Colleague: 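Below you will find the structure I want to go over with you.
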Protein chains: 2
Amino acid sequence: MVTLEDVARQAGVSLATASRVLNGSTRQVGAALRARVEQAADELGYRANIAAQTLARGASNVIGIVVHDLTDPYFAALADGAMRAAATEGLLVMVGTTHRDPEQEIAYVATLNAQRVRAVLLVGSRVADPAVTGRLRDELARYQAGGGRAACVGQDLLGVDTVAPANRQGAAELARALAGLGHTRFAVLAGPPHLVTAADRCAGFVEALEELGLPAPQVIHGPFDRDGGYAAASQAGDATCVFAVNDVMAVGALAAYRERGVRVPDDVSVAGFDDIVTLRDHVPALTTVRLPLKDMGARALELALGEGDPAVVEQVAGEVVLRESVRRMT
Amino acid sequence: MVTLEDVARQAGVSLATASRVLNGSTRQVGAALRARVEQAADELGYRANIAAQTLARGASNVIGIVVHDLTDPYFAALADGAMRAAATEGLLVMVGTTHRDPEQEIAYVATLNAQRVRAVLLVGSRVADPAVTGRLRDELARYQAGGGRAACVGQDLLGVDTVAPANRQGAAELARALAGLGHTRFAVLAGPPHLVTAADRCAGFVEALEELGLPAPQVIHGPFDRDGGYAAASQAGDATCVFAVNDVMAVGALAAYRERGVRVPDDVSVAGFDDIVTLRDHVPALTTVRLPLKDMGARALELALGEGDPAVVEQVAGEVVLRESVRRMT
DNA sequence: CTGTTAGCGCCTTCAA
DNA sequence: TTGAAGGCGCTAACAG
């Protein structure tokens, strides 16, 4: 491996001079020496050792992003938004996947702390387990105590800057829109009860129906993914309208109905949440609540990098999008 | 930030001893001292500084993955496979996104080299530009000269271990299957001419038709994404069967037909390539060529980490999956 | 503008 | 088993 010293020697200058021309210093170097150093570096194929730079500078130029599952388009979109923002700041990105294991999430924060990354982004729903949340908070606090910056996309449970989708309000608005179409008998494919995002969306939906004086919906719990939606749909009773707490589940539900010969929206209306781009061409087109996922990811990074000493919590509103998967009741 | 030295002092031992108990050394430390060190580390909230470790050890435990676009499920699946494999090896992952800019790809290899990552995975199609490919090869060679390991998923153009989807063969097999259904007039939504993956799939398809003695298909170039498929479909003439060189494009094509009232498969048959999981619930279900994406990603990491001195090239066969988006001609 | 010289935090011989 | 000390590659004062 070629080192800075090799370059300096080859160029016949001091280590410091070589460092100044090669690695973004504010200080000036004479044109002649500068040229010699650059040529030497080029000839030798020098690449700075970032570990050494990080150690010497006491600051790294990488950030960490922790998501549940990259193959879930929801997380992919969020991560992409954050990564684009990072790129514009000249930051490198380290991505960790937890596969929905909260322990993994804690372990990742510890690892990213060890890496002395500039910021860590926790993307995805918290679970309603005070013990786990407490330990995650501790780990985060330890990281922040060392000067680390953190932000999360999801619920404001960690005491860090947060981009919080307005899940309750979005679901409530959706409920009102659906009720406005004349539906009265609802079912909610609610996902796991301990997942806060799922629970909030479910609760917002249920409360709105209650305020409207409509009967309480049937609530069916299950996994938060495509197969969870598929399975839950099979248990729904005589509802005329089914709300899956995310789009991926809604697509599973649509598949289940299709297989059973239940027509959507003729026999049953179906709605989701998120407005996943990859799913926009689905047939029938999914009614859902749109979230600006990429922006949210980018915003989370901004918050993490920003100064905001008292943790900032930004609500992000969702927008109800009515499409052909729901119909008006006559 | 607490350092190893802080811990050692607090525990009343030497730096070396603290190092040995805290950071996976093979050497033994007496139970009493070990306990004291562990307690001190815990009390102080010590987290090893990995930059320092990397520098001292001369080797890091992170790998780099470079993909074109994380929000494209094709890359997400590949990356996920590689990340799972990395996790089982205790490796951290740095993900870079090029957004299909080859310059970015080269820059990333340089950066990952600077990070002294253990291995880098280049995921995604090469472009047919000798100049760019040459510079990428140079950068890779430089990285490898310093002891770095590399592998790629895509074409064997870089002289490194490669997991190569059998694009030509897969497309040819698909062509034969489609011809077997009685189709004779084809169109290919071929993607960009300079993208090797797209070109190979197109070529394999065209050649197979030729061998079958069928008329040459209409070849329509355009972007490699959903909108590219959408646009290209609008230009297709009187073909009875359209082959989009990837699933995402095929979905775009289906959307275009739907909007124009063209029924699939009644009026036109459509096929894609990849068998993207997220798209399996699409209606009509897409005929395609299945690639074991996750396995391919994992395999690429294995190859990169392995010893194989002469670069290994592994072909991965695709499997034709006939679904309802194509029909038999009477 | 250029060179000298301490460290940055940790690992790892080498002695004890 | 334990400790002392040099060095990993680079940065950033501090001198000149």
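Bear in mind that the values here come from a model prediction, so they are computed numbers and not experimental data. Just so we're on the same page: letters track the sequence lines, and every chain starts at 1.
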Colleague: I need the residues from residues 28-42 of chain B with at least one non-hydrogen atom less than 4.0 Å from DNA chain C; give them sorted by number, or say none.
Modeller: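 Nothing qualifies; none.
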
Colleague: Rounded to whole Å, how long is the line connecting atom CG of B:L4 with atom P of C:dC11?
Modeller: 6 Å

Colleague: With nearest nucleotides of DNA chain D determined for B:A56 and A:A16 from heavy-atom distances, which residue corresponds to the more 5′ nucleotide?
Modeller: B:A56

Colleague: Any chance CD of B:E5 has more than 12 other-residue heavy atoms, nucleotides or ligands included, within less than 6.0 Å?
Modeller: no

Colleague: Please confirm whether any donor atom in the side chain of A:R116 sits under 3.5 Å from an acceptor in the base of C:dG9, or the reverse.
Modeller: no

Colleague: Yes or no on side-chain contact (heavy atoms from CB on, under 4.5 Å) for B:E105 and B:R126, after CA distance, side-chain angles and deciding distance?
Modeller: CA-CA 10 Å; B:E105 198 166 31; B:R126 309 285 103 234; 3.0 Å; yes

Colleague: Please report the C-alpha distance between B:M1 and A:R116 in whole Å, then the side-chain angles of each, then the deciding distance to 0.1 Å, and finally whether the side-chain contact (heavy atoms from CB on, under 4.5 Å) criterion is met.
Modeller: CA-CA 10 Å; B:M1 237 0 340; A:R116 301 294 189 273; 3.3 Å; yes

Colleague: Check the pair A:R47, B:E139 against salt bridge (Lys or Arg N to Asp or Glu O under 4.0 Å), reporting the backbone distance first and the verdict last.
Modeller: CA-CA 10 Å; A:R47 284 284 173 271; B:E139 196 58 56; 2.8 Å; yes

Colleague: C:dC11 phosphate, OP1 or OP2: any side-chain N/O from B:N23 under 4.0 angstrom?
Modeller: yes

Colleague: Heavy atoms only, 4.0 Å cut-off, all strands: where does B:A48 land among base, sugar-phosphate and nothing?
Modeller: sugar-phosphate

Colleague: Output yes when at least one side-chain N/O atom of A:S14 is less than 4.0 Å from OP1 or OP2 of C:dT4, else no.
Modeller: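 So the side chain of A:S14 is outside the cut-off, no N or O lying under 4.0 Å from OP1 or OP2 of C:dT4.
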
Colleague: Compare the minimum distances between each of C:dT13, C:dC11, C:dC10 and the side chain of B:T3, then state the nucleotide with the smallest one.
Modeller: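 Looking only at heavy atoms from C-beta outward on B:T3, the closest nucleotide is C:dC10.
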
Colleague: Under a 3.5 Å threshold, yes or no: a donor from one side chain and an acceptor from the other, between B:T197 and B:S125?
Modeller: yes

Colleague: Please list, in 5' to 3' order, the outermost nucleotides of DNA chain D lying under 4.0 Å from any heavy atom of chain A.
Modeller: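 The footprint of chain A covers D:dG9 to D:dC14.
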
Colleague: With sugar-phosphate meaning primed atoms plus P, OP1 and OP2, does B:L55 contact a base, only sugar-phosphate, or nothing at under 4.0 Å between heavy atoms?
Modeller: base

Colleague: Is the closest basic N to carboxylate O distance between A:D80 and A:K294 below 4.0 Å?
Modeller: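 Result for this pair is yes, salt bridge flagged.
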
Colleague: Just wondering, more than 12 heavy atoms not from A:Q315 lying within 6.0 Å of its CD?
Modeller: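 Yes, the 6.0 Å shell around CD holds more than 12 heavy atoms from other groups.
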
Colleague: Give the rounded distance in Å between these two atoms: CG of B:N61 and P of C:dC11.
Modeller: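 So the two atoms are 12 Å apart, to the nearest Å.
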
Colleague: For the pair A:R135 and A:D138, find out whether any cationic side-chain nitrogen is under 4.0 Å from an anionic carboxylate oxygen.
Modeller: no

Colleague: Could you tell me how far apart A:Q115 (CD) and C:dC8 (C1') are, to the nearest whole angstrom?
Modeller: 16 Å

Colleague: Taking A:S19 for the side chain and A:L15 for the main chain, is one N or O donor matched with an acceptor at less than 3.5 Å?
Modeller: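 Not at all, since once roles are kept as given, no pair shorter than 3.5 Å links the two residues.
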
